[in-house]
Structures are given as structure tokens and as C-alpha cells.
Amino acid sequence: MSSDEKESPRLRGWARPSLGALSGVLAGFAALAVAELVSAAVRPQAGPVIAVGGAAIDRTPAGLKDWAIRNFGTYDKLVLQLGILAVLLLFALALGILAVRFRRAGALGVLLFGAVGTAAALGRPDTAGLSDALPSVTGAAAGAALLYGLAGRLAPRGARPAEVDPLGEPGWDRRGFVVAASAAAAASATAGVLGRTLTAANSRDAVAARGRIVLPVPASAAPAAPRGAQVRLPGVSSFITPNGDFYRVDTALVVPKVNATAWRLRIHGKGVRRPVSLSYDDLLRRRLIERHITLTCVSNEVGGPYVGTARWIGVPLGELLAECGVRPPSEGGPADQLVARSVDGMTIGSPVEDVMDGRDALLALGMNGEPLPFDHGFPVRMVVPGLYGYVSACKWIRDIELTDFATYDPYWVKRGWARRAPVKTQSRIDTPKPFARPRAGTVMVAGVAWAQHRGIDTVEVRVDDGPWQAARLAAEDTRDTWRQWSFPWQAVKGGHTLTVRATDRTGEVQPQRRTRTVPDGAAGRHSVVVTVE
Ligand SMILES: Nc1nc2c(c(=O)[nH]1)N[C@H]1C(S)=C(S)[C@@H](COP(=O)(O)O)O[C@H]1N2
Ligand SMILES: [Mo]
């Protein structure tokens, strides 16, 4: 082997495009790692994957969002981010192969992806301004430069005759490539790890600050739920849902970690005679009340899991609004919609009438005895009994504006959901589970029913096409909470379908006809098929 061949080996067949593809992947990795590091300094929400994911969520119509929730549940966000990474990987491979022949075009392609990330970061409703462009811009610049450099080392070294190997095959700068590629991979990994570490350190401060908060004893404590409110059977939901088990539905790919000391809530808008800006301490000093309230998501399918009950501590919102000079429409107030805005750009619109009609609409600070968990809206969120979460329960709230349904459509309404959405009467069989195989004899059928702010009056169970039979109702806590029920079924061998229906205090029976969750919540009855052995 001549020394020429050693220094300038040949690249035959697939070798060159393969190394090109590798260069593309390394460039993509470098771009994301640099973006990660810069976004740790700017803010995690500005990172390109998070920004593009957020933009995708913003553009998701109601039907698709619903499909994603149905199929991936709370993993929908993970699936989205993995999807984005998969698409990026494919393009990185393609751009790398392209760059072998067209260096400039390859590098330009990386910059185009940077432009997409930049546009997404600047276009999000919670954008913090031009600084949000930095992660995508710096990341793309690093990625483009690396791809350009690596592609150069793969290029045929035919420029000087000495570098053309004896067989006439143009060689390449193997050593240069290996050195540059390894250095870039190591630097990217370091940048990525450093970025992650910085972000974690930043959120540790917010976590520590939350940990120091001591909620005052509420002036009006929640009466303990009656002992009989909990049906004591395996498989039945806990009457109070522990925070760790409470469902989570939101558009945030990165959970906001708000610093409560700097946080403020503004109340302003139409008919607000005394607008205010309140701090977290201002709220802590007010009269606090504690209430059990069941929260439900409009995306909950019949029989689905997006419902839970917590002991909320908060400021009565109706009182606070009245102090600001707000009057409900029924008393001549000019605004009929209350729009809550969050730090992550969410907008949620509730009827002013409902918030001010005396029900326990809350600016909640506490959930089950602790400050709100970050996932559930720390430092402050809204909770309004009787309304689906998307029209009432703004997490990470920062602003309340009084306006009209006629002039402003909040986030979900723009995406096909109804302007007004009181919770529909629903019931769910918690036990037996679908396709269970209980023994013949007495089988306890049990579950929950809810019709927040109206209350549940009857729950009935039907076996196959038999008559509706009254279930035993557990004690009612309040009409703002779900109610448990049980039914001793004399089960005989064979396959059976159990169906449940509830009747609320207005006398309305849960309808048979199934509707989809879009636009204002699923209707219909929950059934479970079991085989009795
Ligand atoms: N900022 C913000 N608040 C939000 C949402 C959101 O996406 N962003 N989702 C709403 C919806 S659709 C529901 S059902 C409830 C869910 O509250 P949880 O996650 O605490 O259960 O929050 C509401 N508040
Ligand atoms: Mo929801």
C-alpha cells in the first residue's frame, strides 16, 4: 500500500453518501444540543422542538386533538416530541447526503430548519419576544457550519494531483473527517448535558420557593366528606383524588415553573370599575375558603379517566370581582365573558354570570393541603364548579379580562369547541373492569357519577336488556362533587353487558345517545362487558 493511499483513501459506492448521512445526523445533533444550551439561558419553552411542538398543538383541530388524547392519553405530548425528532432525523440524513455533492445546499437546508424553529418560537402565544429566536438561530448556525465543514472533508481531494490515488479514484480527508466528527459529537454531547443541567438547576429554585410556602388555614374549611361518600370496594375511585393521580390536560410541553414572589394577577376590562394587580401575598392575605370540587375535562370519553376531585383552597372569585366593581349581566353588568390568560399563553373564557352566581368559583392556591403542584397550575389557577376545565380552570393564570362572548373567542373556541360548556351528567362503572371474569353469585358493580353544581339524584344499572334497577347511592358530599354508587348484582354464568345511567337533580336522565366529545362534551352511557364463570 502506498503512502498516498493511506492518507487519501478512496470512498466507493455507498461509503460517501453514508458518511454524508452521518454528517447530517451529527449536524442535527449539534444544532439541537446548542439550542438546548441556549434555551436553558433564554427559557426552556423557546427551544426549537418545544416551540415547533407547541405550534403544532396550537394548529391541531379539535378532532385530531381528541384522537391524540384517545389514543395516546397523557402520552400525547411525548408522542408528539418523538414524532418531531423522527422527522428531524430523516431530514438530517437527507441533508447530509445532499451535502456530499452540494455543500452549500446542505448547510442552507439546516438553516431553513432553524428558520422554522425561529418562526415557531416567535409565533407562540406565550413568546417572550426576540430572545426566543436565539436557541433556533444559534443551533441552526452551529449545525450548518458543522455540516459544511464535514462535507468538505468528504469531498474528493482531486484538486492537487498528488492526492489522486494511483487508481484514479479521488480520495478524501479521512483523518480530518474523523477528528472533526468526533470533536463535534463530544462538544454537542457536552452542550446538551450542560443545557439539561442548567434547566434542571433553574427549576430547582422554583421548586424550592414553592416548598417554602405555607398556606394559611382557610377561614372556611371544607366540611369533611361524609364517611359514606367512599364506597369501600376494590377498584372504586378514591373519593378525593391524590395529586399524583389527578389527570392532567394542557398544551404545555414544558410545565411553567412560575416564581410566586414575582407573579402578579391583573383584573381589568369591560365594566371593571376598580382594576387591580394582585401579588401572591395579596391573595394569601384574603379570606380563603376550602372546598371539594370535581373537575372534568371536555375531552373525557364516556367511561374515561379525565375526572377527579380535590380539596381546593382559594380566594372566592365572585367576591373579588365584586370588589373590583364588576356586576354580572343579570345585574346590568356590561361584560358576559371572563377571559383568563395564563403565563403560557392559554386563554379560557367563562360566563361572568356563572362565576358570580354564588357558587364556589375559586382562584385556587392549594390542592389537597399543599400549594398547587406545578403540573396543576402553580401558583394560582381557576376552578369553577359545574364547568368543564377548558371553559373555567385556567392554570398558571396571570390575567383576568372582562369582555364579551360576541367579541372574543378564547383558545379552544377558535379550535372548534363550544363557547359555553356546562358539565354533562355522566356515570362510570369502576368495577368490574371490562372483560373481567367474575364468579357467579353476588358481584358488586360500583363506580362514580357526576353532574357538578346540579348534584346526582339517582343511579341505575341495567344488565343486558333487562330493566333499569336502582343502585345504592353513597352519601353525597356536595352537589359540586361526584357521587359514588354500588349495585349488588346476582350474576349468572355467561357473557353480560352492564350499563349505568345517572339522573341529576334537575330530573334530567343521562341520555342513551352517544355523542363525541367535540364540541361540548361526550354524552351517552358507559357499558362494561364481562364473562361470569
Ligand atoms: N394554562 C392552561 N390551563 C388549562 C389548560 C391548558 O391547556 N393550559 N387546560 C384546561 C383543561 S382542558 C382542563 S380539563 C384543565 C385540567 O386541569 P388539570 O390538568 O389540573 O387536571 O385545565 C385547564 N386549564
Ligand atoms: Mo379539558
Side-chain angles (χ1 to χ4, degrees), residues 45 53-54 56-58 60 62 65-66 68-70 73-74 76-77 80 124-126 237 240-258 263 265 293-301 304-312 314 338-350 361-368 370-400 410-424 426 450 452 482 516-522:
Q45 286 83 352
I57 291 174
D58 291 345
T60 303
K65 179 219 167 218
D66 213 43
I69 290 229
R70 222 168 32 249
T74 3
D76 57 346
K77 296 193 183 87
L80 174 65
R124 297 281 350 262
D126 66 334
S237 306
I240 297 290
T241 316
N243 290 351
D245 296 344
F246 209 95
Y247 79 91
R248 176 184 158 206
V249 170
D250 56 58
T251 57
L253 288 172
V254 171
V255 173
K257 296 262 167 61
V258 178
W263 175 90
L265 173 69
I293 299 169
T294 299
L295 183 62
T296 315
C297 181
V298 72
S299 293
N300 194 45
E301 296 285 323
Y306 302 132
V307 53
T309 303
R311 188 159 54 84
W312 306 96
L338 178 155
V339 173
R341 284 194 176 76
S342 71
V343 302
D344 65 328
M346 175 53 61
T347 49
I348 284 185
S350 322
L362 297 180
L363 282 176
L365 310 161
M367 184 176 183
N368 293 329
E370 54 171 299
L372 285 181
F374 289 105
D375 282 359
H376 296 290
F378 181 83
V380 182
R381 76 175 304 170
M382 266 176 63
V383 177
V384 184
L387 305 180
Y388 284 118
Y390 87 103
V391 287
S392 67
C394 187
K395 305 195 273 190
W396 314 294
I397 194 171
R398 65 168 179 81
D399 186 288
I400 288 179
Y411 187 92
W412 296 110
V413 176
K414 288 195 186 101
R415 287 159 181 80
W417 299 85
R419 288 196 175 83
R420 295 170 187 263
V423 174
K424 292 182 182 173
Q426 268 298 346
W450 60 88
Q452 289 94 306
W482 57 10
R516 298 284 313 279
T517 58
V518 187
D520 63 352

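When a ligand or atom number is given, it counts from 1 through the structure's own listing order.
Side-chain atoms of Trp312 come within 3.5 Å of backbone N or O of Ile293 as a donor-acceptor pair. Side-chain atoms of Asn300 come within 3.5 Å of backbone atoms of Tyr306 as a donor-acceptor pair (strictly under, hydrogens ignored). Distance alone, capped at 3.5 Å, is enough to place a donor-acceptor pair between the Tyr390 side chain and the Ala418 backbone.
Ranking protein heavy atoms by distance to atom 9 (N) of ligand 1, first place goes to Val249 O, 3.2 Å. Here the protein heavy atom with the shortest distance to atom 8 (N) of ligand 1 is Met346 CG, 3.4 Å. From the protein, the heavy atom lying nearest to atom 6 (C) of ligand 1 is Asp250 CB, 3.4 Å. When hydrogens are left out, the protein atom nearest atom 15 (C) of ligand 1 is Arg381 NH2, 3.8 Å; that is the closest non-hydrogen contact. The shortest contact between atom 21 (O) of ligand 1 and any protein heavy atom is with Tyr247 O, 2.7 Å.
Proximity of Trp396 to ligand 1, defined as any heavy-atom pair under 4.0 Å, is confined to the side chain (atoms from C-beta onward). Contacts of Lys395 with ligand 1, taken as heavy-atom pairs under 4.0 Å, involve both backbone and side chain. The part of Phe246 lying near ligand 1 is the side chain, judged by heavy-atom distances below 4.0 Å. Proximity of Ile397 to ligand 1, defined as any heavy-atom pair under 4.0 Å, is not found for any part of the residue. Only side-chain heavy atoms of Ile348 come within less than 4.0 Å of ligand 1; its backbone N, CA, C and O stay farther off.
Salt bridge annotation for Arg124-Asp344: absent, with no cationic side-chain nitrogen under 4.0 angstrom from a carboxylate oxygen.
Geometric assessment of Arg415 against the ring of Tyr411 yields a positive cation-pi assignment under the 6.0 Å and 45° thresholds.
Here the side chains of Asp520 and Arg420 are not in contact, with every heavy-atom distance at 4.5 Å or above.
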Inset, instruction - Report the C-alpha separation of Ile400 and Leu338 in whole Å, then their side-chain angles, then the decisive distance to 0.1 Å, and conclude whether the side-chain contact (heavy atoms from CB on, under 4.5 Å) test is met. - result: CA-CA 7 Å; Ile400 288 179; Leu338 178 155; 3.7 Å; yes
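Nearest heavy-atom pair, Leu363 versus Ile397, reported as atom, atom and distance to 0.1 Å: CD2-CD1, 4.2 Å.
When Gly308, Cys297, Ala310, Ser299 are ranked by how near their heavy atoms come to atom 14 (S) of ligand 1, first place goes to Cys297.
In Arg419, the CZ atom is not crowded: 12 or fewer heavy atoms of neighbouring residues, nucleotides or ligands sit closer than 6.0 Å.
Residue-to-ligand polar distances keep Thr296 apart from ligand 1: every N/O pair is separated by 3.5 Å or more. Considering both main-chain and side-chain atoms, Asp344 comes within under 3.5 Å of ligand 1 through a nitrogen or oxygen pair. Among the atoms of Tyr390, none of the N or O lies under 3.5 angstrom from an N or O of ligand 1. Ligand 1 has a nitrogen or oxygen under 3.5 angstrom from a nitrogen or oxygen of Ala393. The shortest N/O to N/O separation between Thr251 and ligand 1 falls below 3.5 Å.
No hydrogens or angles considered: a donor-acceptor pair under 3.5 Å links the side chains of Trp482 and Thr309. Between Glu370 and Asn243, the side chains place a donor N or O and an acceptor N or O closer than 3.5 Å (distance only, hydrogens not considered).
Less than 4.0 angstrom separates some heavy atom of Leu295 from each of these atoms of ligand 1: 17 (O). In summary, the atoms of ligand 1 found under 4.0 Å from a heavy atom of Ser342, numbered by their order in the structure, are 1 (N).
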